[in-house]
*Asks:* 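Here it is, the structure in full.
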Amino acid sequence: MTFSRRSSLLAAAALMATSGLAWADSWPTRPLRIVVPYPPGGSSDIIARAISQPLSEALKQPVVVENRAGANGNLGAELVARGAADGYTLLLCDVGALAISPSVYTKLAFDPSKDLRGVTMLAYSPHLLVVHPSLPVNNFAELVALSKKSDLNFAIPATGSAAHLAAVAVQRASGARWEYVPYKGGVQAIGDTVAGQTQVLMNGMLATLPQVQAGKLKLLAVSKGTRMPLVGQVPTLAEQGVTGFESGTWQGVRMARGTPDAVVARLNAELIRIIRSPEIRSRLAGQGAEVVTMTPTEEEQFFNQERARWAKVVQAANVKLD
């Protein structure tokens, strides 16, 4: 390559980089949307609506929350993955559940690792193992014993969801017996368990705790390594014999791969500032969610670790969907 040719290419690259930075500096110039790939009322939806107005104020543009439910969150995730990488569409989902999809679905129309990039984690809430109040059990051992002599229906937000695989892991570790009843989201699963149509449920604490506090569901165990202050009297699953077990929902933000680094960095900073604000942190803590933030690189690492972790569970449980 001649010197003049090489100089021309370097100059063009420099111009493109400068143009990209200038574009990022002027971003955003129009409304943004936060895609929640689940029905309204779940953990991701609760957090999306808590941060949308503060984010709108920070970016000086409207921020709209859009629920795009279906296929265990994959329809909404695909919408973002296949959309323009222009910084105007965010995916707010259970990142752990998204990491499970490549192992569960044999025909996934996108690759969550290649087509999406991390922005930040926002919050974590453990799964709660709850039952309908009519069940004559007060701890996990009693539930396992009852499951071996009675027919129990176990509600799950969706087949192949994090809650489903967590329940399968608990079942395999304890020898419990129950039939899984899949729903199109946690809200429906909670509703049917409250109504007594299903008897057992494992779901994120953020969406489930209000029903426990209202006396509509009975809490037997928490799927966290240590007890949660809000329900400190309730032992963890690990304390009740499921050694070393921990699961939950990890709400985080991802965007289309190719979104400019400067935009991702700006969103990372604004989202962390918002979620860590005393008002939102206190509100989430009162519902059982812990604020957990990460850099984009840390979120990517977390995603890949979860993908590898749950792939082993999926293989052991032989859970596959088309």
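Heads up: numbering here begins at 1 and tracks the sequence.
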*Asks:* Val137 and Leu152: same hydrophobic cluster, using ILVMFWY side-chain contacts below 4.5 Å?
*Replies:* yes

*Asks:* Can a donor-acceptor pair be found, under 3.5 Å and without considering hydrogens, that links the side chain of Trp27 to the backbone of Gly87?
*Replies:*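 Checked: pair present.
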
*Asks:* Using modelled atom types and a 3.5 Å cut-off, is there a donor and acceptor pairing between side-chain atoms of Gln315 and backbone atoms of Lys312?
*Replies:* no

*Asks:* Any side chain to side chain donor-acceptor pair (under 3.5 Å) pairs touching residues 212-224, not counting sequence neighbours?
*Replies:*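 Sorted result for residues 212-224: Ser223-Ser247, Lys224-Thr226.
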
*Asks:* Check for me whether Arg82 meets the cation-pi criterion with Phe110, that is, NZ or CZ under 6.0 Å from the six-membered ring centre and within 45 degrees of the ring axis.
*Replies:* no

*Asks:* What is the distance from atom CG of Leu116 to atom CD of Glu78, rounded to the nearest 0.5 Å?
*Replies:*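 Taking CG in Leu116 and CD in Glu78, the distance rounds to 10.5 Å.
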
*Asks:* Determine whether Leu284 and Leu206 satisfy the following criterion, side-chain contact (heavy atoms from CB on, under 4.5 Å), listing intermediate values before the conclusion.
*Replies:* CA-CA 8 Å; Leu284 293 179; Leu206 190 59; 4.3 Å; yes

*Asks:* Less than 4.5 Å apart, side chain to side chain, heavy atoms only: is that true for Asp94 and Tyr38?
*Replies:*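 Yes; the side chains approach each other to less than 4.5 Å.
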
*Asks:* Are Val222 and Leu128 packed together at the side-chain level, in the sense that at least one heavy-atom pair is separated by less than 4.5 angstrom?
*Replies:*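 Yes, at least one pair of side-chain atoms sits under 4.5 Å.
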
*Asks:* In this structure, are over 12 heavy atoms from other groups packed under 6.0 Å from Glu179 atom CD?
*Replies:*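 No.
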
*Asks:* Report yes if some heavy atom in the side chain of Val291 is under 4.5 Å from a heavy atom in the side chain of Thr293; otherwise report no.
*Replies:*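 Yes, at least one pair of side-chain atoms sits under 4.5 Å.
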
*Asks:* So, the side chain of Asn268 versus the backbone of Met294: is there a donor-acceptor pair under 3.5 Å, distance only?
*Replies:*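 Side chain of Asn268 to backbone of Met294, a donor-acceptor pair under 3.5 Å: yes, one is there.
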
*Asks:* Same cluster for Leu98 and Tyr105 if Ile/Leu/Val/Met/Phe/Trp/Tyr side chains link at under 4.5 Å?
*Replies:* yes

*Asks:* Got a donor-acceptor contact below 3.5 angstrom from the Asp45 side chain to the Gly41 backbone?
*Replies:* yes

*Asks:* Can we say Glu299 and Arg117 salt-bridge, meaning some charged N sits less than 4.0 Å from an Asp/Glu carboxylate O?
*Replies:*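 Salt bridge absent between Glu299 and Arg117.
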
*Asks:* Group every Ile, Leu, Val, Met, Phe, Trp and Tyr by side-chain heavy-atom contacts under 4.5 Å, then state whether Phe154 and Val187 land in the same group.
*Replies:* no

*Asks:* Answer yes when Arg281 and Glu279 have at least one side-chain N-carboxylate O distance shorter than 4.0 Å, and no when they do not.
*Replies:* no

*Asks:* Got a donor-acceptor contact below 3.5 angstrom from the Glu239 side chain to the Thr236 backbone?
*Replies:* yes

*Asks:* So, taking the atom named OG1 in Thr193 and the one named CG in Leu217, what distance separates them when rounded to the nearest 0.5 Å?
*Replies:*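 So the gap between those two atoms works out to 6.5 Å.
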
*Asks:* Quick check: does any side chain N or O of Ser150 sit under 3.5 Å from a backbone N or O of Ser147, one acting as donor and the other as acceptor?
*Replies:*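 Answer holds: no.
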
*Asks:* Would you say Arg177 has more than 12 foreign heavy atoms packed within less than 6.0 Å of its CZ?
*Replies:*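 Atom CZ in Arg177 is not crowded, with 12 or fewer foreign heavy atoms closer than 6.0 Å.
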
*Asks:* Quick one: does any side-chain atom of Ser174 pair with a main-chain N or O of Val170 as donor and acceptor, under 3.5 Å?
*Replies:*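 Side chain of Ser174 to backbone of Val170, a donor-acceptor pair under 3.5 Å: yes, one is there.
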
*Asks:* Taking side chain as C-beta onward, heavy atoms only, is Met202 less than 4.5 Å from His164?
*Replies:*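 The answer is no, as the side chains (C-beta and beyond) never meet within the 4.5 Å cut-off.
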
*Asks:* If a pair satisfies ring-ring contact (aromatic ring centres under 6.0 Å, His included) and one of its residues is in residues 247-286, list it, with sequence neighbours excluded.
*Replies:* Tyr124-Trp250, Trp250-Phe302

*Asks:* Quick one: does Gln251's side chain get under 4.5 Å of Met121's, heavy atoms only?
*Replies:*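 Side-chain contact under 4.5 Å: no.
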
*Asks:* With a sphere of 6.0 Å drawn around CZ of Arg172, does it hold more than 12 non-hydrogen atoms of other residues, nucleotides or ligands?
*Replies:* no

*Asks:* Once you round to the nearest 0.5 Å, how far does CD1 of Ile46 lie from CG of Leu92?
*Replies:*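 If we round to the nearest 0.5 Å, Ile46:CD1 and Leu92:CG are 11.5 Å apart.
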
*Asks:* Mind checking whether Val263 and Ile272 sit in one hydrophobic cluster, side chains of I, L, V, M, F, W, Y counted as touching below 4.5 Å?
*Replies:*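 Different hydrophobic clusters.
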
*Asks:* Under 6.0 Å from the six-membered ring centre of Phe303 and within 45° of its axis: does the NZ or CZ of Arg254 meet both?
*Replies:*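 So Arg254 does make the cation-pi contact.
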
*Asks:* Heavy-atom distance under 4.5 Å between the side chains of Leu122 and Thr120, does that happen here?
*Replies:* yes

*Asks:* In terms of side-chain heavy atoms, does Gln301 have a donor or acceptor partner in Gln305 at a distance below 3.5 Å?
*Replies:* no

*Asks:* Taking the basic N atoms (NZ, or NE/NH1/NH2) and the acidic carboxylate oxygens, is any pair closer than 4.0 Å for Arg257 and Glu300?
*Replies:* yes

*Asks:* So, the side chain of Ser56 versus the backbone of Ser52: is there a donor-acceptor pair under 3.5 Å, distance only?
*Replies:*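 Looks like no, no N/O pair under 3.5 Å.
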
*Asks:* Whether the Arg307 and Ser113 side chains hold a donor-acceptor pair (N or O, under 3.5 Å, no angle test) is what I'd like checked.
*Replies:*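 Yes, Ser113 and Arg307 have a side-chain donor paired with an acceptor closer than 3.5 Å.
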
*Asks:* Given side chains that start at C-beta, do those of Val231 and Leu209 come closer than 4.5 Å, heavy atoms only?
*Replies:*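 Counting from C-beta outward, Val231 and Leu209 do come under 4.5 Å.
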
*Asks:* Under a 4.0 Å threshold between the charged nitrogen and the carboxylate oxygen, would Asp261 count as salt-bridged to Arg266?
*Replies:* no

*Asks:* Identify the two heavy atoms, one from Leu201 and one from Ala189, that lie closest to each other, and give their separation to 0.1 Å.
*Replies:* CD1-CB, 3.8 Å

*Asks:* Look up atom CD1 in Ile280 and atom CD1 in Ile47, then write down how far apart they are to the nearest 0.5 Å.
*Replies:* 9.5 Å

*Asks:* Kindly determine whether Leu143 and Leu129 satisfy side-chain contact (heavy atoms from CB on, under 4.5 Å), including the steps that lead there.
*Replies:* CA-CA 10 Å; Leu143 175 64; Leu129 180 64; 4.1 Å; yes

*Asks:* Under a single-linkage definition using a 4.5 Å side-chain heavy-atom cutoff for Ile, Leu, Val, Met, Phe, Trp and Tyr, are Leu237 and Leu219 assigned to the same hydrophobic cluster?
*Replies:*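 No, Leu237 and Leu219 fall in different hydrophobic clusters.
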
*Asks:* Taking Glu66 for the side chain and Ile34 for the main chain, is one N or O donor matched with an acceptor at less than 3.5 Å?
*Replies:* no

*Asks:* With a 3.5 Å cut-off and no angle check, do the side chains of Asn203 and Thr208 form a donor-acceptor pair?
*Replies:* yes

*Asks:* Do Thr89 and Val35 come within less than 4.5 Å of each other through their side chains, counting heavy atoms only?
*Replies:* yes

*Asks:* Does any donor atom in the side chain of Ser101 or Asn74 lie under 3.5 Å from an acceptor atom in the other side chain?
*Replies:*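 Side-chain D/A pair, Ser101 to Asn74: present.
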
*Asks:* Would a distance-only check, ignoring hydrogens and angles, find a side-chain to backbone donor-acceptor pair under 3.5 Å from Tyr88 to Thr29?
*Replies:* yes

*Asks:* Quick check for you: to the nearest 0.5 Å, what is the distance between Leu55 atom CG and Gln61 atom CD?
*Replies:*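 Result: 11.0 Å between the selected atoms.
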
*Asks:* Could you check Ile156 against Val181 for side-chain contact (heavy atoms from CB on, under 4.5 Å), going step by step and ending with a plain yes or no?
*Replies:* CA-CA 6 Å; Ile156 53 173; Val181 180; 6.0 Å; no

*Asks:* Once you round to the nearest 0.5 Å, how far does CG of Leu220 lie from CD of Glu142?
*Replies:*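 With rounding to 0.5 Å, CG (Leu220) is 8.5 Å from CD (Glu142).
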
